[in-house]
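Accompanying notes for the structure given below.
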Amino acid sequence: MNVLVLSASPNKDGLTAACAAAAVEGARQASGQAEETRLNDLQVGMCQACDDGWGTCRPEHACQVSDDFQALHARVLEADAVVLVTPVYWGEMSESAKAFTDRLRRCEATRGNESGLADKPVIAVAAAGGSGNGTITCLLSMERWIQHVKGQVFDLIPVKRWTRENKLTTIHEAARAMVEEAKKSAR
Ligand SMILES: Cc1cc2nc3c(=O)[nH]c(=O)nc-3n(C[C@H](O)[C@H](O)[C@H](O)COP(=O)(O)O)c2cc1C
């Protein structure tokens, strides 16, 4: 089982990175293949709302703005499960998480039940390393995104600075359980 762990912070050793590492370790402990992909290391620009609002995303389920999106889109389609970890910025996903998920949603939500994420388990993690505010609004939009692309909301995990250690264990266990569950349903 191939788990794509997407992280969306510019910091390589902050709270978001620790959460992504916990997810990778948890998935691997259940014999899943997993590695972190840092969205901030890629060139994925924001949606251009082409033409009258829809470009090729609606009829062709592919984005016409050419950058690193296309390769990452293909990797999402190949993955069996996804973990999306974002720092909380203003109670929302970070800009890199938003840019990627917006474009992916246009391509996959428009396929309805044929979405490349249909029934794939997704864990969303919102890491609020400042005031600790905004995890719920952030997770709300992440949940809505998962539902739009027809994924399975496997878990939604809020993290604050002061719950870091407990939540790293929670993320590890959630990723492990996600792989175990997927293995059971593949039998
Ligand atoms: C633009 C911006 C907005 C932020 N907004 C919030 C917020 O609403 N709530 C919060 O707890 N922390 C907020 N923070 C702090 C980040 O959530 C914190 O830096 C986060 O842990 C970043 O993860 P990192 O350690 O992986 O960079 C914000 C940080 C930035 C840069």
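Residue numbers count from 1 along this sequence. Note that ligands are numbered from 1 as they come in the structure, with each ligand's atoms numbered from 1 the same way.
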First locate atom CD of Q43, then atom CG of L72, and finally report the distance between them rounded to the nearest 0.5 Å.
->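 If we round to the nearest 0.5 Å, Q43:CD and L72:CG are 12.5 Å apart.
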Pairs of donor and acceptor atoms involving the side chains of residues 18-28, under 3.5 Å and at least two apart or interchain, shall be tabulated with distances.
| unit_1 | atom_1 | unit_2 | atom_2 | d |
| --- | --- | --- | --- | --- |
| R28 | NE | A34 | O | 3.0 |
| R28 | NH2 | A34 | O | 2.7 |

Any pair with a residue in residues 37-65 that passes salt bridge (charged side-chain N to carboxylate O under 4.0 Å, His left out), sequence neighbours left out, goes on the list, sorted by first then second residue, please.
->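 Non-adjacent pairs meeting salt bridge (charged side-chain N to carboxylate O under 4.0 Å, His left out): R38-D41.
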Would one find more than 12 heavy atoms of other residues, nucleotides or ligands at under 6.0 Å from atom NZ of K183?
-> yes
Is the count of non-hydrogen atoms from other residues, nucleotides or ligands lying under 6.0 Å from W90 atom CH2 greater than 12?
->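 Open.
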Enumerate the protein residues lying less than 4.0 Å from ligand 1, judged by heavy-atom distances, in chain and residue-number order.
->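 S9, N11, G14, L15, T16, P87, V88, Y89, W90, G91, A127, A128, G129, G130, S131, G132, N133.
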Name the atoms and distances for all side-chain donor-acceptor pairs under 3.5 Å in residues 115-126, with sequence neighbours left out.
| unit_1 | atom_1 | unit_2 | atom_2 | d |
| --- | --- | --- | --- | --- |
| S115 | OG | L117 | N | 3.0 |
| S115 | OG | V149 | O | 2.7 |
| K120 | NZ | V76 | O | 3.1 |
| K120 | NZ | L77 | O | 2.8 |
| K120 | NZ | A79 | O | 2.6 |
| K120 | NZ | G116 | O | 3.0 |

